[in-house]
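Bear in mind that the values here come from a model prediction, so they are computed numbers and not experimental data.
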Amino acid sequence: MHLSDTWASIGHQCIPSAWIGKNVEQEAYNYAKDTLQRMIDAGVKPDMVQCGNENNSRVSGQTISNRNAFVGILNACNRAVRELAPDVPLVAQHGKPRPAEGFAGWVDSLLGASPTLDVDAVCGSTYGTTNNGGDWREMFGYVINRYNKPVLSCEYTDNRRDLINPIMREFPNGMGWGTFLWEPVVYDRPIFDRNNAARRFTPNARLAEYIRVAQASGI
């Protein structure tokens with residue numbers, strides 16, 4: 001749930017226009033509860049929910065410098081999910097899980113102070129790396145070791161496939177939940193070919209590599 005009028009990313013975290021002048025926490029709660037209820041009623045209850053997207057420093061126009069307000073918005077969304085679907089895990093996402101990008105401090109701010117961000121796992125966008133994935137291993141390991149929270153890659157492209165997937169498998173006790181490929185029909189060696197005129201997506205040879213990834217994961 002992006003909590004924004006348009007796509008939310010590291011550099012774009014605007015307040016939804018309909019929320020301006022209102023209690024943003026309450027609006028985030030109402031939006032999440034209404035959206036999730038519609039999904040449940042339609043028979044498409046999600047397996048996981050992420051309130052906000054790449055919230056390195058802002059959410060719905062609020063900066064992390066006002067930590068309580070920042071956490072309050074995310075927790076309002078999370079609370080709606082807990083009430084409607086307590087069995088659905090909640091995840092928080094950082095767009096650059098690397099030491100130089102302040103990831104550990106971000107985690108400490110959200111999980112190590114009160115009020116604590118109510119999430120079950122922490123994820124990151126694993127596009128860039130400065131040392132062949134070692135920075136991801138270090139930062140995700142920090143979350144596991146300090147806060148006992150599972151981790152995952154919310155976004156990676158196919159050219160990082162054989163870098164990020166083994167890292168997630170290496171974490172002990174299943175604490176590396178896995179990875180999400182983004183965007184499999186557009187970026188960096190897409191695994192589907194697009195026919196825009198026919199609005200058709202056809203798997204290409206790269207998709208077969210994910211059979212190998214699944215088998216290596218014991219799936």
Side-chain angles (χ1 to χ4, degrees), residues 7-13 48 50-59 63-65 67 70-71 74 89-113 116-117 119-191 205-219:
W7 189 267
S9 62
I10 295 173
H12 187 87
Q13 300 283 346
M48 186 173 73
Q50 179 183 296
C51 286
N53 187 70
E54 294 190 326
N55 299 113
N56 295 25
S57 61
R58 301 174 71 89
V59 61
T63 68
I64 199 170
S65 60
R67 181 199 172 277
F70 179 90
V71 171
L74 292 174
L90 288 162
V91 181
Q93 182 186 9
H94 188 280
K96 294 182 178 180
R98 307 197 295 271
E101 299 293 341
F103 179 77
W106 179 83
V107 171
D108 290 341
S109 177
L110 299 184
L111 301 183
T116 301
L117 183 65
V119 291
D120 301 298
V122 174
C123 73
S125 303
T126 53
Y127 300 120
T129 176
T130 58
N131 55 0
N132 205 37
D135 42 8
W136 301 335
R137 184 179 286 106
E138 177 186 353
M139 291 295 91
F140 288 133
Y142 179 81
V143 176
I144 294 170
N145 294 330
R146 186 172 180 88
Y147 295 102
N148 196 35
K149 296 279 188 185
V151 295
L152 59 159
S153 168
C154 290
E155 303 179 32
Y156 75 103
T157 50
D158 186 71
N159 62 355
R160 300 297 194 191
R161 177 191 63 222
D162 292 327
L163 196 58
I164 185 59
N165 280 288
I167 289 173
M168 284 295 156
R169 289 197 298 270
E170 288 170 6
F171 290 122
N173 304 317
M175 294 294 275
W177 275 4
T179 61
F180 287 92
L181 179 65
W182 180 261
E183 202 322 320
V185 298
V186 179
Y187 302 123
D188 292 345
R189 307 188 320 207
I191 63 175
R206 295 190 191 97
L207 186 59
E209 284 296 300
Y210 286 86
I211 297 174
R212 177 177 61 79
V213 171
Q215 290 172 337
S217 302
I219 299 172

Test K149 against I144 for side-chain contact (heavy atoms from CB on, under 4.5 Å), laying out the working first. CA-CA 5 Å; K149 296 279 188 185; I144 294 170; over 6 Å; no
- Task: Run the numbers on Q93 and S125 for side chain to side chain donor-acceptor pair (under 3.5 Å), then give the verdict.
- Result: CA-CA 8 Å; Q93 182 186 9; S125 303; 2.8 Å; yes
Next item on the list: Given side chain to side chain donor-acceptor pair (under 3.5 Å), test Y127 with D188 step by step and report yes or no.
Entry: CA-CA 10 Å; Y127 300 120; D188 292 345; over 6 Å; no
Using the side-chain contact (heavy atoms from CB on, under 4.5 Å) rule, take M48 and V91 through it: C-alpha gap first, then chi angles, then the decisive distance, then the call. CA-CA 7 Å; M48 186 173 73; V91 181; 3.2 Å; yes
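Residues S57 and W106 have side chains not in contact (no heavy-atom distance under 4.5 Å, counting atoms from C-beta outward). Annotation: side chain of P184 is not in contact with side chain of D158 (no heavy-atom distance under 4.5 Å). Counting only heavy atoms from C-beta outward, the side chains of T130 and R98 approach each other to under 4.5 Å.
Between the side chain of R160 and the backbone N or O of E155, no donor-acceptor pair lies under 3.5 Å. Remark: the backbone N or O of N53 is paired with a side-chain donor or acceptor of Q13 at under 3.5 angstrom. The backbone N or O of S217 lies less than 3.5 Å from no partner atom in the side chain of R169, so there is not a single donor-acceptor pair. Remark: side-chain polar atoms of D108 are not paired, donor with acceptor, to backbone N or O of G112 under 3.5 angstrom. Here the side chain of R67 pairs a donor or acceptor atom with the backbone of S109 at under 3.5 angstrom.
The shortest heavy-atom contact between C154 and Q50 is SG-OE1, 3.3 Å. Nearest approach of L110 to I64, heavy atoms of both residues: CD2-CD1, 4.4 Å. When all heavy atoms are compared, the tightest approach of G128 to W136 is O-NE1, 2.9 Å. Contact between G134 and T129 at its shortest, heavy atoms only, is N-OG1, 4.4 Å. Nearest heavy atoms, C51 versus L74: O-CD2, 3.4 Å. For the pair F171 and G176, the tightest heavy-atom approach, listed with the atom from each and the gap, is CB-N, 3.8 Å.
In this structure D162 satisfies the side chain to side chain contact (heavy atoms under 4.5 Å, CB included) test together with R212, sequence neighbours excluded. With sequence neighbours excluded, the residues forming a side chain to side chain contact (heavy atoms under 4.5 Å, CB included) with T179 are S153, Y156, I164, N165, M168, listed by chain and number.
I191 contributes atom CD1, which lies 9.0 Å from atom CZ of R161 (distance to the nearest 0.5 angstrom). Between the CE atom of M139 and the OG1 atom of T126 there is a distance of 14.5 Å, given to the nearest 0.5 Å. Rounding to the nearest 0.5 Å places CZ of R189 at 5.5 Å from CG of N159.
When the shell of 6.0 Å around OH of Y147 is examined, it contains more than 12 heavy atoms from other residues, nucleotides or ligands.
N56 and E101 share no donor-acceptor pair across their side chains, judged by distance under 3.5 Å alone.
Under the ring-ring contact (aromatic ring centres under 6.0 Å, His included) test applied with H94, the options F140, Y142, F103 reduce to a single match, F103. Here the options are V143, V151, L152, the test is side-chain contact (heavy atoms from CB on, under 4.5 Å), and the partner is C123; only L152 passes.
A cation-pi geometry, defined here as NZ or CZ lying under 6.0 Å from the six-membered ring centre and within 45° of its normal, does not hold between R58 and F70.
The aromatic rings of Y187 and W182 sit tilted relative to each other, their planes meeting at an angle between 30° and 60°.
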